[in-house]
Amino acid sequence: MDIEALRADTPGCAHRVHLNNAGAGLLSRRTLRAMTDHLELEAALGGYEAEAREAERFDAVYTDLAALVGGRPGEVALFDSATRAWGAAFSAMHFAPGDRILTGRAEYGSNALSLLHTARRTGAELVVVPDDESGQVDTAALAGLVDERTRLVALSHVPSSGGLVNPVAEVGRITRAAGVPFLLDATQSVGQFPVDVTRIGCDMLCGTGRKFLRGPRGIGFLWVRTEALDLLEPPLATLKGATWDGGGGLTWSEGARRFETWEISGANVLGLGAAVRQALELGVDRIGRRAAALGARLRDRLAEVPGVAVRDLGRERCAIVTCTVGALPAAEVAAALARHGVNVSVTAPDHTPFDAQRRALPPLVRFSPHYYTTGDEVDRPVDLVAALARRTA
Ligand SMILES: *Cc1c(COP(=O)(O)O)cnc(C)c1O
């Protein structure tokens, strides 16, 4: 990978040390251009006319996303966020009193709230599967909990609040053997390292454009295995997703498009397409190796700083690194780094509520480098954190 060229093609690299790819990655010029070109075309031709002109490009976004996750183009649907994508799949399932839904401690806050809400509304039981001693989801415990009452396993691949990579292929083996649907939240993993729905064995997967994929804000996607479509009944039937049969019924659109609504930002769709294309061209395995190596370097160095406690869990870890710095509030650490041009973020406990409650976690400082980050960019913040830790010791 020509890191210098990739950085030169990323305007944000000139101004900041961007270690917030788990929040939103930096756009490349190529992605930015795909978006502005389309906006110019909309202004010049009209929005509908621009979409018609670019129809092939729009189709290619589905093809490329399918290639990225190892599915088929007809299994992909676009939304304005990962949360909407996840919700489209989840709310298409039916639950009754006595049914069980299994999730993990790393589950994302919005998913957790929806799971709790649905459990309360339907009388289904939500079970949070414990972690093993490494902090990843305990697959033996999960296998023991899957039974004839289990209607769904919903799990986050990588939590928003740490470097953990859950053993999702093992989870997939268990769910497939039991015939239980598996909804995977891959919002932090797609774009960061290879994610393959066949290898994992999930039935539904959601992701977002803006994080490690480096696409725009305001776009997300859902992948649904063709065979799983029959298990799902979209709660909303729209002009995009269905057609009236002229009588009392309707026919769903082919594949995952049945979940879509008619309106979507063309610039965001094509921006996502450009970002996905770029990831495919660079090679997600190469992206993953470099991102994980930078994450490991940052994690190891932070761990050596007196007063710093790294909070990442799991056996396999990725480019997300979380820590506390003595008793300093995470927001103060983030603000101090920002004054030195370093972008990091602060994880709120309610973003991973089950894990935060279990470990009594305060807000954490979250660093998330990516493949276009340099070694110097992960080392410099460690010196800044060390200076802060010394001052407050
Ligand atoms: C950010 C995040 C989401 C939500 O993504 P949106 O596109 O903001 O809806 C879901 N799950 C995880 C694990 C996340 O980190």
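Each ligand, and each atom within it, is numbered from 1 in the order the structure gives. Quick note: residue numbers are just sequence positions, from 1.
Salt bridge E170/R173: present, at least one basic N to carboxylate O contact under 4.0 Å. Looking at E281 and R30, a side-chain N of the basic residue comes within less than 4.0 Å of a carboxylate O on the acidic one, giving a salt bridge.
For R84, no heavy-atom contact with ligand 1 is shorter than 4.0 Å. Residue contacts with ligand 1 for H351 are absent, since no atom lies close enough (heavy atoms, distance under 4.0 Å).
With a 6.0 Å radius and a threshold of 12 heavy atoms from other residues, nucleotides or ligands, R16 has its CZ atom above the threshold. No more than 12 heavy atoms of other residues, nucleotides or ligands shown are found within 6.0 angstrom of CD on E254. The neighbour count for R297 CZ, taken as heavy atoms of other residues, nucleotides or ligands under 6.0 Å away, is above 12. Shown here is L239, whose CG atom has no more than 12 heavy atoms of other residues, nucleotides or ligands within 6.0 Å.
Close contacts of ligand 1 with S160, meaning ligand atoms under 4.0 Å from a residue heavy atom, involve 15 (O). Near V158, the atoms of ligand 1 lying under 4.0 angstrom from a non-hydrogen atom of the residue are 13 (C). Listed by atom number, the atoms of ligand 1 under 4.0 Å from T83 heavy atoms are 4 (C), 6 (P), 9 (O). Annotation for ligand 1: atoms under 4.0 Å from non-hydrogen atoms of A82 are 5 (O), 6 (P), 7 (O), 9 (O). Atoms of ligand 1 lying under 4.0 Å from any heavy atom of Q188, numbered from 1 in the order shown and given with element: 15 (O). When each atom of ligand 1 is checked for a heavy atom of T208 under 4.0 Å away, the hits are 7 (O).
Taking the side chain as every heavy atom from C-beta outward, D99 and E125 never approach each other to under 4.5 Å. For the pair L313 and Q136, the minimum side-chain heavy-atom distance is 4.5 Å or more.
Between H18 and F367, the distance from one ring center to the other does not fall under 6.0 angstrom.
Selection from I320, D80, D185, T352 by nearest heavy atom to atom 11 (N) of ligand 1 gives D185. With atom 14 (C) of ligand 1 as the reference point, the heavy atom nearest to it among H157, K211, E107 is part of K211.
By the 3.5 Å distance cut-off applied to N or O atoms, S156 is not counted among the residues near ligand 1. Any N or O atom pair closer than 3.5 Å counts here, and N111 shares no such pair with ligand 1.
Residue contact check for ligand 1: R210 places a non-hydrogen atom closer than 4.0 Å to it.
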